[in-house]
Novice: 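The following block contains the structure, expressed as structure tokens.
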Amino acid sequence: VLTINDSVTPIVAASESVISNARSGRSCVLVKNTSDKTIYYGGDKSISHTNGMPILAGESILFPTRMPQSIYLISNSDTQLNIHIAEFFD
């Protein structure tokens with residue numbers, strides 16, 4: 001479970017610096033927005049609620065991770081939101 005909010009620095013859900021990213025055989029990461037607010041994702045630190053792609057409340061998105069790539073998450077909510085992350089391996 002990750003906690004995100006409208007911070008200046010977005011939360012990194014997956015990156016080369018995250019230990020789980022180094023595990024061989026990981027094929028994708030699932031991000032489930034279990035909050036009642038919209039969260040946003042993007043591929044770099046400049047993500048905001050105005051330029052990010054939305055993940056609506058209750059929605060999930062699957063990110064293929066064959067190529068090393070960071071996934072950044074942010075919200076425009078002033079309260080902390082919990083989301084779930086699941087990794088899948090070959």
Side-chain angles (χ1 to χ4, degrees):
V1 175
L2 286 179
T3 302
I4 63 173
N5 61 14
D6 187 19
S7 62
V8 175
T9 305
I11 299 298
V12 180
S15 75
E16 293 179 13
S17 64
V18 176
I19 292 173
S20 62
N21 194 49
R23 294 166 63 186
S24 65
R26 185 173 79 178
S27 57
C28 59
V29 173
L30 176 74
V31 175
K32 169 82 174 164
N33 182 358
T34 56
S35 75
D36 60 352
K37 308 282 185 202
T38 300
I39 62 174
Y40 301 87
Y41 71 92
D44 61 44
K45 293 178 185 176
S46 67
I47 177 110
S48 71
H49 62 275
T50 58
N51 66 8
M53 298 295 293
I55 304 174
L56 302 176
E59 193 173 59
S60 299
I61 189 162
L62 195 62
F63 295 97
T65 57
R66 294 274 182 222
M67 301 295 290
Q69 180 178 343
S70 296
I71 302 168
Y72 293 86
L73 303 171
I74 198 165
S75 170
N76 63 350
S77 173
D78 58 355
T79 59
Q80 293 185 337
L81 307 177
N82 290 328
I83 61 165
H84 290 94
I85 304 289
E87 297 177 294
F88 297 91
F89 295 84
D90 292 334

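Source: prediction; values computed, not measured.
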Novice: Please check if the side chain of K32 supplies one atom and the backbone of I83 the other of a donor-acceptor pair under 3.5 Å.
Specialist: no
Novice: So which heavy atom on S27 is nearest to which on D90, and how close?
Specialist: CB-OD1, 3.3 Å
Novice: Does G58 offer a backbone N or O that forms a donor-acceptor pair with the side chain of T34 under 3.5 Å?
Specialist: no
Novice: To the closest 0.5 Å, what do you measure between CD (E59) and CD1 (I39)?
Specialist: 9.0 Å
Novice: Hey, what's the ring geometry for H49 with Y40, parallel, tilted or perpendicular (30° and 60° as the breaks)?
Specialist: tilted
Novice: Starting at CD1 of I47, measure out to CG of L73 and round the result to the nearest 0.5 Å.
Specialist: 7.5 Å
Novice: Side-chain contact, heavy-atom cut-off 4.5 Å: V31 with I55?
Specialist: yes
Novice: So which heavy atom on P64 is nearest to which on C28, and how close?
Specialist: CA-CB, 4.0 Å
Novice: Each residue besides L30 in its hydrophobic cluster should be listed here, by chain and number; the cluster joins Ile, Leu, Val, Met, Phe, Trp and Tyr at side-chain heavy-atom distances under 4.5 Å.
Specialist: L62, F88
Novice: Sequence neighbours left out, what passes side-chain hydrogen bond (donor to acceptor under 3.5 Å, both in side chains) with S35? Give chain and number order.
Specialist: N33
